[in-house]
Undergrad: 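First the structure, which I've put down as structure tokens, then a few questions once you've had a look.
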Amino acid sequence: MARKYNIDSTAGAGPSSKIDYKSELNEQQYEAVTSLMGPALVIAGAGSGKTRTLTYRVAYLLDNGIKPDNILLLTFTNKAAKEMLQRVEDLVPYETRAIWGGTFHSIGNRLLRQHAEKVGLTRSFTIMDREDQKDLMSTCIAAAGVNTKEIRFPKPELLATMFSLVENTGEELSEILEYRYPYFLDLLRPIKKVGQVYTQRKIETNSADFDDLLILAVQLLEDNEDIAQVYQQQFQFVLVDEYQDTNWVQSKLIDLLSKKHGNLMVVGDDAQSIYSWRGADFEHILQFEESYPKAKTFKIETNYRSVPEVLELANQAISSNKKQFKKNLKANRPERGQLPALVPVNEPNTQAAFVAQRILELRDEGVELEEMAVLYRAHFHAMELQMELTNRGIPFNITSGLRFFEQAHVKDVAAFMKLSVNLRDEVAFKRIARMLPGIGIVTANNLWLEWIKSPINKDDSPPKSFSKHLKKFKVPAKSKNTWIQFGYTMDEMAPEGEITTPREMISSILGGVYDDYMRSKFTNYDNRIQDLEQLKRYSEQFEDTSEFLGQLALLSGVEGEPMKQNDKKDKSEAITLSSVHQAKGLEWRAVFVIWLTDGMFPNSRVIEEDDEEESGLEEERRLFYVAVTRAKDELYLIYPYIWPSSRTGDVMQRPSRFLEDFDSDLVEEWEVGSIGATW
């Protein structure tokens with residue numbers, strides 16, 4: 001069958017746009033943009049102009065007679081789709097609104113709106129947000145006959161995460177539980193039953209969640225060949241951004257829509273694949289050439305972001321990974337910069353002091369605060385730094401969430417402690433009560449009224465036994481066991497009416513009712529328990545619980561709200577604190593990477609797997625690579641030798657194994673004196 005279109009590989013300027021592709025693109029970008037028909041894999045290194053390449057590819061297709069509605073551009077964020085389509089519109093004199101461009105979910109929604117009846121919905125189906133999903137899941141738990149009075153069952157939001165992982169990875173529920181939530185494995189049957197009821201209720205209520213927008217779109221195309229052929233015929237060219245982050249269902253959707261013409265161009269960087277925890281499958285980009293044997297591979301290695309010294313370190317750092325496309329980033333910037341700094345420090349407080357002081361020095365040297373960032377592997381790594389910056393009056397924004405001391409689980413633990421030292425703390429009491437199963441706002445208020453009228457508050461000192469006293473309270477049957485357990489926890493925090501130390505209190509809270517609550521409530525239990533273990537370590541410097549709680553209060557506040565990425569006002573005159581995951585795609589003139597010790601970065605769970613071949617360690621190394629390549633001019637790699645502990649003594653720490661992946665002459669080691677010294 002004759003093709004209806006042809007791409008001229010010898011084209012210089014486009015026939016109508018007058019774009020001079022050769023002069024506006026570098027040689028590697030030009031080869032990818034002007035490639036012939038067929039599958040193509042574009043490995044675009046960090047800072048190499050990935051968006052530019054995709055944008056010019058779309059313009060090139062339009063210049064060569066491809067109609068806008070024959071082009072499908074799939075992205076991961078609305079912002080990326082909007083930016084690319086706007087750039088295309090600015091480049092060419094054509095009407096571009098007919099291009100099918102957007103996120104996977106938006107394209108899935110568009111397909112389903114046209115053919116909803118084929119998957120049991122109507123075209124007016126509702127897309128549930130997280131709150132809607134939570135409410136429906138609660139109904140499904142009851143409808144499935146789960147007796148939450150007898151067992152600690154996963155909360156609706158956690159169930160939603162479990163079912164989402166099943167849908168996006170193609171794995172069985174039993175596999176998801178075994179690997180991610182082993183403490184719920186014995187509840188496999190009732191959880192599966194809830195999932196079945198949930199699926200049925202969505203159809204009955206003409207509703208879909210975000211995962212359904214992909215799952216049902218794939219189902220639509222697989223079960224209805226006539227419909228699939230319409231879209232396969234329409235989409236002559238399919239382009240995919242950030243291909244390394246695709247999951248199982250996204251990959252299936254891509255394959256289905258590009259099946260007829262085979263003109264699939266995927267762009268990504270295997271070295272920046274860091275999202276396996278949310279279902280992304282690194283193997284998709286690695287095995288693209290196997291899945292599409294006729295595929296051509298293009299590498300774009302010219303970096304427009306960083307000085308050569310940063311890139312030389314980055315290239316060596318990632319070279320230790322066995323599973324990768326080998327590439328060598330080259331700096332487009334002609335000037336040489338300073339060597340990245342390797343900064344060993346004595347302990348975490350010195351690390352925080354060094355970063356804070358160096359920030360002020362850089363600002364005096366003309367680097368604005370918004371051009372600096374501190375990156376870390378886990379949120380709790382920034383705890384000491386947040387305190388240091390607050391004490392020095394250095395403003396900061398957080399892209400990785402709330403300030404450490406404002407997170408729900410930290411505030412929950414603080415509520416237990418507040419109540420133990422102040423029996424009149426109504427807010428703390430009600431917060432704790434509402435954590436217990438079967439207790440809502442009304443019941444919590446009734447219990448509070450009973451609490452303040454009881455002899456327990458007679459002299460504002462803790463009773464000899466909280467548990468004996470609390471047994472007299474009227475609580476719902478569903479709450480009885482955990483209410484008694486709450487009493488035992490309070491007893492441990494104030495044995496015989498004597499308040500214990502902050503560290504002992506936190507241990508009692510984690511060993512009591514709160515651990516079960518966290519497991520059933522939060523989707524990231526492991527991360528949150530690490531946060532609280534770090535909080536426990538921090539508390540060791542306080543003997544008085546009231547003093548400790550006062551410090552927590554001083555470090556919290558409204559200025560700790562997450563940074564609004566698009567609000568320039570919020571970005572000005574503030575340094576950025578971010579997890580590396582949240583920093584992907586961003587860049588700063590000066591970047592500090594902290595807590596580069598084994599067990600912190602890489603994560604301890606990965607090290608415990610003790611297998612160099614295991615993909616977990618390689619993903620951690622890719623995460624380190626992402627951190628390094630965020631720096632434009634200056635890079636500081638920092639690790640503390642010692643982790644102080646008043647209980648077990650100082651713990652010596654091993655520098656991160658990733659610091660051994662590059663030659664020592666690629667960094668300059670800095671000697672840091674006492675806190676407040678000049679480095």
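Note that the structure is predicted; figures quoted are calculated from it, not measured.
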Undergrad: Would you find a donor on one side and an acceptor on the other, under 3.5 Å apart, between the side chain of Gln244 and the backbone of Ile285?
TA: no
Undergrad: Which heavy atom of Ile176 sits nearest a heavy atom of Val166, and at what distance?
TA: CG1-CG2, 3.9 Å
Undergrad: Looking at Tyr292, I want to see if its OH is surrounded by more than 12 non-hydrogen atoms of other residues, nucleotides or ligands under 6.0 Å.
TA: yes
Undergrad: How about Asp663 and Gln316: does a side-chain donor come under 3.5 Å of a side-chain acceptor?
TA: yes
Undergrad: Which atom pair, heavy atoms only, marks the closest approach of Ala271 to Ile318?
TA: CB-CG1, 4.1 Å
Undergrad: Quick one: do Lys50 and Glu242 make a salt bridge, cutoff under 4.0 Å?
TA: yes
Undergrad: Would you say Arg57's side chain and Val33's backbone share a donor-acceptor pair under 3.5 angstrom?
TA: yes
Undergrad: I want to know whether Phe601 and Tyr639 have ring centres closer than 6.0 Å.
TA: no
Undergrad: For the atom pair CG (Leu311) and OG1 (Thr629), what is the distance rounded to the nearest 0.5 Å?
TA: 8.5 Å
Undergrad: When you compare the side chain of Glu178 with that of Glu175, does any pair of heavy atoms fall below 4.5 Å?
TA: no
Undergrad: Donor-acceptor pair, distance only, cut-off 3.5 Å: does the side chain of Gln28 make one with the backbone of Glu301?
TA: yes
Undergrad: Determine yes or no for a side-chain-to-main-chain donor-acceptor pair under 3.5 angstrom, with Ser604 supplying the side chain and Met600 the backbone.
TA: no
Undergrad: For residues Tyr56 and Glu24, determine if any side-chain heavy atom of one lies less than 4.5 Å from a side-chain heavy atom of the other.
TA: yes
Undergrad: Using only heavy-atom distances, determine whether the side chains of Thr161 and Ser164 contain a donor-acceptor pair under 3.5 Å.
TA: no
Undergrad: Please check: side-chain N/O of Glu368 versus main-chain N/O of Glu370, any donor-acceptor pairing under 3.5 Å?
TA: no
Undergrad: Would you confirm whether Asn315, through its side chain, and Leu329, through its main-chain N or O, come within 3.5 Å as a donor-acceptor pair?
TA: yes
Undergrad: Angle class for the Tyr275/His581 ring planes (parallel below 30°, perpendicular above 60°, tilted otherwise)?
TA: tilted
Undergrad: Are Arg621 and Glu618 within salt-bridge range, i.e. N to O under 4.0 Å?
TA: no
Undergrad: Report the C-alpha separation of Leu239 and Leu74 in whole Å, then their side-chain angles, then the decisive distance to 0.1 Å, and conclude whether the side-chain contact (heavy atoms from CB on, under 4.5 Å) test is met.
TA: CA-CA 6 Å; Leu239 299 92; Leu74 291 164; over 6 Å; no
Undergrad: Less than 4.5 Å apart, any side-chain heavy atom of Leu41 and any of Val266?
TA: yes
Undergrad: Between atom CG of Leu54 and atom CG of Leu85, what is the distance when rounded to the nearest 0.5 Å?
TA: 10.5 Å
Undergrad: Side chain of Asn303, backbone of Gly45: donor and acceptor closer than 3.5 Å?
TA: no
Undergrad: Is it the case that the side chain of Trp670 and the backbone of Ala341 share a donor-acceptor pair, with hydrogens and angles ignored and the cut-off at 3.5 Å?
TA: no
Undergrad: Assess whether side-chain hydrogen bond (donor to acceptor under 3.5 Å, both in side chains) is satisfied between Asp531 and His379, documenting all intermediate values.
TA: CA-CA 8 Å; Asp531 284 349; His379 195 49; over 6 Å; no
Undergrad: Is a salt bridge present between Arg305 and Glu587, judged by a nitrogen-to-oxygen distance below 4.0 Å?
TA: yes
Undergrad: Would you call Arg278 and Asp245 a salt bridge, using N to O less than 4.0 angstrom?
TA: no
Undergrad: Do Val374 and Tyr636 touch side chain to side chain, with heavy atoms closer than 4.5 Å?
TA: no
Undergrad: Decide if the gap between the ring center of Tyr243 and the ring center of Phe288 is smaller than 6.0 angstrom.
TA: yes
Undergrad: Kindly compute the distance separating OH (Tyr183) from CG (Asp515), expressed to the nearest 0.5 Å.
TA: 9.0 Å
Undergrad: I'd like to know if Lys79 pairs up with Glu83 as an ion pair, taking the criterion as any Lys NZ or Arg NE/NH1/NH2 lying under 4.0 Å from an Asp or Glu carboxylate oxygen.
TA: no
Undergrad: Could you check whether any side-chain heavy atom of Tyr181 comes within less than 4.5 Å of a side-chain heavy atom of Tyr525, counting everything from C-beta outward?
TA: no
Undergrad: Got more than 12 heavy atoms from elsewhere within 6.0 Å of NZ, Lys82?
TA: no
Undergrad: So does Gln287 have more than 12 non-hydrogen atoms from other groups sitting under 6.0 Å from CD?
TA: yes
Undergrad: Is NZ or CZ of Arg622 both nearer than 6.0 Å to the six-membered ring centre of Phe282 and within 45° of the ring axis?
TA: yes
Undergrad: Please determine if Glu283 and Lys323 form a salt bridge, counting it only when a charged side-chain N lies under 4.0 Å from a carboxylate O.
TA: yes
Undergrad: Between the main-chain N or O of Phe658 and the side-chain N or O of Ser656, is there a donor-acceptor pair closer than 3.5 Å?
TA: yes
Undergrad: Report the C-alpha separation of Glu619 and Ser273 in whole Å, then their side-chain angles, then the decisive distance to 0.1 Å, and conclude whether the side-chain hydrogen bond (donor to acceptor under 3.5 Å, both in side chains) test is met.
TA: CA-CA 7 Å; Glu619 180 161 333; Ser273 179; 5.4 Å; no
Undergrad: When you compare the side chains of Asn332 and Thr302, does any donor N or O come within less than 3.5 Å of an acceptor on the partner?
TA: no
Undergrad: Run the salt-bridge test on Arg180 and Glu171 with the 4.0 Å N-O cut-off and return the result as yes or no.
TA: no
Undergrad: Might you point out which heavy atoms bring Gln530 and Arg605 nearest each other, and give the distance in Å?
TA: NE2-NH1, 2.7 Å
Undergrad: Please tell me if the side chains of Arg87 and Thr51 come closer than 4.5 Å, counting only heavy atoms from C-beta onward.
TA: yes
Undergrad: Are any of the side-chain nitrogens in Glu312 or Arg336 under 4.0 Å away from the carboxylate oxygens of its partner?
TA: yes
Undergrad: Identify the two heavy atoms, one from Pro340 and one from Leu666, that lie closest to each other, and give their separation to 0.1 Å.
TA: CD-O, 3.3 Å
Undergrad: Flag the pair Lys536 and Glu540 as a salt bridge only when some basic side-chain nitrogen lies within less than 4.0 angstrom of an acidic carboxylate oxygen.
TA: no
Undergrad: What do you reckon, are the aromatic ring centroids of Trp248 and His284 less than 6.0 Å apart?
TA: no
Undergrad: Salt bridge check: are Arg363 and Glu371 linked by an N-O gap of less than 4.0 Å?
TA: no
Undergrad: Salt bridge between Glu31 and Lys299, side-chain N to carboxylate O under 4.0 Å?
TA: no
Undergrad: Would you say the side chains of Asn397 and Thr576 form a donor-acceptor pair under 3.5 Å?
TA: no
Undergrad: Are the side chains of Phe104 and Thr246 in touch, meaning some heavy atoms are under 4.5 Å apart?
TA: yes
Undergrad: Got a second to check how far Thr75's OG1 is from Met84's CE, nearest 0.5 Å?
TA: 6.0 Å
Undergrad: Short question: side chain of Thr350, backbone of Asn346 - any donor-acceptor pair under 3.5 Å?
TA: no
Undergrad: A quick test of your reading: do over 12 heavy atoms of other residues, nucleotides or ligands sit less than 6.0 Å from OH of Tyr304?
TA: yes
Undergrad: So Val355 and Ile594, side-chain contact (heavy atoms from CB on, under 4.5 Å) or not? Walk me through it.
TA: CA-CA 9 Å; Val355 172; Ile594 61 174; 4.1 Å; yes
Undergrad: With the side chain counted from C-beta on, respond yes when Gln653 and Trp595 share a heavy-atom pair under 4.5 Å apart, and no when they do not.
TA: yes
Undergrad: Would you compute the distance between atom CG of Asp412 and atom NE2 of His409 and round it to the nearest 0.5 angstrom?
TA: 9.0 Å
Undergrad: Ignoring hydrogens, what is the shortest heavy-atom contact between Met372 and Ile575? Give both atom names and the distance.
TA: O-CG1, 3.3 Å
Undergrad: Determine, step by step, whether Arg528 and Glu533 satisfy the salt bridge (charged side-chain N to carboxylate O under 4.0 Å, His left out) criterion, reporting the C-alpha distance in whole Å, the side-chain angles of both residues, the deciding distance to 0.1 Å, and the verdict.
TA: CA-CA 9 Å; Arg528 291 179 188 258; Glu533 288 295 335; over 6 Å; no
Undergrad: Does a salt bridge link Arg654 with Glu660, judged by any charged N lying under 4.0 Å from a carboxylate O?
TA: yes
Undergrad: Got a second to check how far Leu339's CG is from Glu669's CD, nearest 0.5 Å?
TA: 12.5 Å
